[in-house]
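Notes for the one structure printed next.
For the numbers below, each heavy atom of this structure counts, side chains included, while hydrogens, waters and symmetry mates do not. Reminder, nothing fancy here: chain letters follow the sequence lines and each chain counts from 1.
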2 protein chains.
Amino acid sequence: MLRFSKRVEYGLMALLELDASANGGYLPVKDIAERHEIPQDLLGKVMQALTRAGYVASTKGMHGGYRLVQPLERVTVGKVIESLEGPVYLTPCCDDSKSCRQQDHCNIRRPILRVQEHLLRYISQLTLAEFREGDPRPIEMNIGEQCV
Amino acid sequence: MLRFSKRVEYGLMALLELDASANGGYLPVKDIAERHEIPQDLLGKVMQALTRAGYVASTKGMHGGYRLVQPLERVTVGKVIESLEGPVYLTPCCDDSKSCRQQDHCNIRRPILRVQEHLLRYISQLTLAEFREGDPRPIEMNIGEQCV
DNA sequence: AAAAAGGGGACCAGATTGGTCCTATTTTCA
DNA sequence: TGAAAATAGGACCAATCTGGTCCCCTTTTT
């Protein structure tokens, strides 16, 4: 599976919404959830994680909510994924701490590691600024003639 | 989650193994499974799918098994994933047939589609030949100065 | 006839995921 | 001062996905 989880989707949506509606004030989860039809409680959890990750800040009480703490230029897709679903790796054995049955006689570990490095580099360079509506940039890297 | 499923892992391992041990003959699932400590029945299913996808061919009976039908140069990681776990998309709404609650007022659909296109292009250009042991190629695309 | 192999359906157990519920705490405001 | 609105976060649940097993069938070789 190469899918985004709902948590990640919701997180990205919320960050973009905060950016778009940012008037210096705080936007409550309720508003974001309603605008984008996201289950409110779930979005709450997501925002908590983004707070812990340092991308947004919150205040409680009336007129409370969340606000962006970093410009989207400094928020990468990779970091968002990481804060919402943990470290990214294509196979468990790519995570140093874990291993698999195949262990040594594995003929795909190294190439998969290399693919993963590519992937990681890509999503860690891709900022949410490039997700803004109307952003002209095509969100892709240069691809040589051959995929080497 | 951006993970490979076990099915995909096993499929890649088997294809590489067939390539490495190819002496024109057929290699039975049992052998591949034992060499790489893969559950035999599960690998059986995987091989069946790869057969239907046209990458390997099989014969039954004694001395039967599987053999590569296409050189690894013509087998891409993208296609292997597709044959083993269906179409690749980052979010359900990227699959035309499906939709999501957010539908219209979704602020991430387009950028995610663009990211997905990039990803698809990458894995559909990446061939298993580049997975061969000792392959010198670094398995990555050229990356410009900025991630555009 | 027996053995070895693939084809494939049925099924199951554990993990993951998406989502809800509830309570506590903080802040604002009437 | 008390109600309302908001975040913080633990507990939990239901549905789905995944990895894996089991069983039976057909084909091929010996």
- Message: Could you tell me how far apart Asp31(A) (CG) and dA5(D) (P) are, to the nearest whole angstrom?
- Response: 12 Å
- Message: Checking contacts here: which listed nucleotide (dT30(D), dG7(C), dA8(D)) is nearest the side-chain heavy atoms of Thr51(B)?
- Response: dG7(C)
- Reckon Tyr26(B) touches a base, only the sugar-phosphate, or nothing at all at heavy-atom distances under 4.0 Å? nothing
- Query: To the nearest angstrom, how far is Lys6(A) atom NZ from dT16(D) atom C1'?
  - Reply: 14 Å
- Under 3.5 Å donor-acceptor, Ser83(B) side chain and Val80(B) backbone: yes
- Message: Using whole Å, what does the distance between atom P of nucleotide dT16(C) and atom CG of Leu84(A) come to?
- Response: 17 Å
- Between Gln40(A) and Thr59(A), just flag the one whose closest nucleotide in DNA chain C comes earlier from the 5' side. Gln40(A)
- Whole Å only: how far is the CZ atom of Arg7(B) from the P atom of dC17(D)? 14 Å
- Message: Could you tell me how far apart Arg67(A) (CZ) and dA6(D) (P) are, to the nearest whole angstrom?
- Response: 18 Å
- Message: Please report the distance, rounded to the nearest Å, between CD in Glu34(B) and P in dA4(C).
- Response: 12 Å
- Is the distance from OP1 or OP2 of dG8(C) to the nearest side-chain N or O of Arg52(B) less than 4.0 Å? yes
- Query: To the side chain of Pro28(A), which of dG19(D), dA8(D), dT7(D) is closest?
  - Reply: dT7(D)
- Task: Among the candidates dT7(D), dG19(D), dT20(C), find the nucleotide nearest to the side-chain atoms of Asp41(A).
- Result: dT20(C)
- In whole angstroms, how far is the C1' atom of dG6(C) from the CD1 atom of Ile32(B)? 12 Å
- Task: Return yes if the base of dG10(D) and the side-chain atoms of Lys45(A) contain a donor-acceptor N/O pair under 3.5 Å, otherwise no.
- Result: yes
- Look at the side chain of His63(B) and decide which nucleotide, out of dT29(D), dG19(D), dG6(C), has an atom nearest to it. dT29(D)
- Message: Starting from Tyr26(B), can I reach Leu50(B) by hopping between I/L/V/M/F/W/Y residues whose side chains sit under 4.5 Å apart?
- Response: no
- Message: Regarding Glu9(B) and Lys6(B), does a basic nitrogen lie under 4.0 Å from an acidic carboxylate oxygen?
- Response: yes
- Identify whether any heavy atom of Gly44(B) sits under 4.0 Å from a base atom; if not, whether one sits that close to sugar-phosphate; answer base, sugar-phosphate or nothing. nothing
- Message: Of the options dG20(D), dA4(C), dG7(C), whose atoms approach the side-chain atoms of Met62(B) most closely?
- Response: dA4(C)
- Message: Under a 3.5 Å distance rule, please check whether Gln116(B) uses its side chain to pair with a backbone N or O of Leu90(B) as donor and acceptor.
- Response: yes
- Distance test, side-chain N/O of Tyr10(A) to OP1/OP2 of dT17(C), below 4.0 Å: no
- Task: Can you tell me the distance, in whole Å, between the CG atom of Leu2(A) and the P atom of dT18(D)?
- Result: 11 Å
- For the side chain of Lys60(A), counting heavy atoms from C-beta on, which of dT7(D), dT20(C), dC29(C) is nearest? dT7(D)
- Message: Starting from Leu42(A), can I reach Phe4(A) by hopping between I/L/V/M/F/W/Y residues whose side chains sit under 4.5 Å apart?
- Response: yes
